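Convention: sequence-line order gives letters A, B, ...; per-chain numbering from 1. Since we're looking at a predicted model, the values are computed, not measured.
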Amino acid sequence: MEKAGRKEKNENGENFNIIIYNELKKFYKEKKQWWPWEKTAYMPISAILTQATNWRNVEKAINNLKNAGIKTFEDVINNADKLEELIKPAGFYRKKAKRIIALANLFIKKKNIERDDLLSLNGFGKETTDSILLYHFDKPYFVIDNYTKRFHERLTGKKEQCYEKLAAFYGKSLTVEEMKEFHGLIVEHCKNTCKKDPLCNKCPLINLCFYYKNHETRNQKG
DNA sequence: CTCCAGGGGGCCA
DNA sequence: TGGCCCCATGGA
């Protein structure tokens with residue numbers, strides 16, 4: 001069922017999310033590693049470190065862990081006393097150190113980690129949890145972050161607050177690998193173009209974008 | 001100097 | 001539910 005005014009498909013019957021995905025893919029041709037350190041302990045750790053934090057600061061913290069010889073969850077536990085100092089560049093370091101230790105204990109204790117295991121830990125909301133499920137465990141959960149929410153509101157002109165609806169919308173009919181890339185493309189797009197103060201004059205999606213249609217005078221100034 | 005970054009929890013109405 | 005505050009560093 002389509003809600004009134006909501007573009008689910010175009011005239012060729014393609015899903016709207018796939019149209020957006022393909023446009024972004026064309027525009028950002030250069031392939032990047034969207035979430036580095038996949039399949040290593042650094043990936044789930046960086047999911048915590050990046051909470052409300054600039055990625056550059058996350059990289060500094062990860063480099064500190066590498067230089068300290070910490071590369072597994074066992075290493076994390078064995079160096080728990082040094083953790084706060086090492087991740088300091090990523091900010092909120094007292095809270096994040098606790099979260100990383102809890103994460104390490106879970107990974108060591110449990111083999112088949114499920115969504116509720118992560119969600120039940122303090123500091124693990126849906127975004128953090130789903131990024132770990134998607135990028136570390138290859139499970140089909142589309143990650144909805146603040147970038148995606150802003151992107152969606154601009155694109156459709158509607159503020160959707162329901163995480164599950166957004167995840168279903170953007171992840172529809174996509175494979176796990178496509179979900180990874182699409183999420184990465186949205187992040188890339190929001191960092192470069194669909195910023196807080198958007199650069200619509202260099203956006204590949206203007207023909208599809210509600211915000212652009214309703215802010216033409218603003219955008220013509222360049 | 002100010003603002004904000006790939007969140008989440010606690011508290012309060 | 002919805003709004004606000006807190007956590008903290010570092011770059012623009």
Establish, yes or no, whether a centroid distance under 6.0 Å links the rings of A:Y170 and A:Y163.
-> no
A:K195 has an atom NZ; how far is it from atom P of C:dA12, in whole Å?
-> 11 Å
Looking only at side-chain atoms of A:E127, point me to the closest of B:dG10, B:dA5, B:dG8.
-> B:dG8
Pairwise P distance for C:dC5 and B:dC3, with rounding to whole Å = 14 Å
Can you tell me, in whole Å, how much space there is between the P of B:dG8 and that of C:dG10?
-> 23 Å
Looking at B:dA5, B:dG10, C:dT9, which one has an atom nearest to any side-chain atom of A:N122?
-> B:dG10
How many Å lie between CG on A:L49 and P on B:dG7, as a whole number?
-> 12 Å
Consider the side chain of A:N54, meaning its heavy atoms from C-beta on, and name the nucleotide among C:dT9, C:dC7, B:dA5 that approaches it most closely.
-> B:dA5
Rounded interatomic separation in angstrom, taking CZ from A:R99 and C1' from B:dG9 | 7 Å
Base, sugar-phosphate, or nothing: which does A:K191 touch, judged by heavy atoms less than 4.0 Å apart?
-> base
Exercise: do A:K82 and A:N79 side chains pair donor with acceptor under 3.5 Å = yes
Could you check how far CZ of A:R94 sits from C1' of C:dC6, rounded to whole Å?
-> 12 Å
Return no unless some side-chain N or O of A:R56 is found under 4.0 Å from OP1 or OP2 of C:dA12.
-> yes
Are A:N146 and B:dG7 close enough that a side-chain N or O sits under 4.0 Å from OP1 or OP2?
-> yes
Select one nucleotide: of B:dA5, C:dT9, B:dG8, the one nearest the side-chain heavy atoms of A:K88.
-> C:dT9
Is the shortest distance from a Lys or Arg side-chain nitrogen in A:D130 or A:R115 to a carboxylate oxygen in the other one below 4.0 Å?
-> yes
Atom NZ of A:K98 to atom P of B:dG10: distance rounded to whole Å?
-> 12 Å
Aromatic centroids of A:F169 and A:H152 separated by under 6.0 Å = yes
Proximity to the side chain of A:K196 - top-ranked nucleotide from C:dG11, B:dG8, B:dC4 | B:dC4
Taking the six-membered ring for Trp, is the centroid-to-centroid distance between A:F107 and A:H136 below 6.0 Å?
-> yes
Euclidean distance, atom CD1 of residue A:I132 to atom C1' of B:dG7 [Å, nearest integer] = 12 Å
Rounded to the nearest angstrom, tell me the gap between atom CG in A:L103 and atom P in B:dG8.
-> 13 Å
Closest to the A:Q51 side chain: B:dG7, C:dA8, B:dA5?
-> B:dG7
Provide the distance between the two C1' atoms, one in C:dC7 and one in B:dC1, to the nearest whole Å.
-> 22 Å
Options C:dT9, C:dC7, C:dG11, nucleotide nearest the side-chain atoms of A:K60 | C:dG11
Quickly work out the A:I48 CD1 to B:dG9 C1' distance and round it to whole Å.
-> 12 Å
What nucleic acid atoms does A:A90 come within less than 4.0 Å of, heavy atoms only: base, sugar-phosphate, or nothing?
-> nothing
Describe the nucleic acid contact of A:N57 in one word from base, sugar-phosphate, nothing, applying a heavy-atom distance below 4.0 Å.
-> base
Residue-phosphate contact under 4.0 Å: A:T128 side-chain N/O, B:dG8 OP1/OP2 = yes
Hey, mind stepping through A:N78 and A:E74 against side chain to side chain donor-acceptor pair (under 3.5 Å) and telling me if it holds?
-> CA-CA 6 Å; A:N78 292 332; A:E74 285 79 6; over 6 Å; no
Between A:D145 and A:F124, which has a closest nucleotide on DNA chain B that is more 5'?
-> A:D145
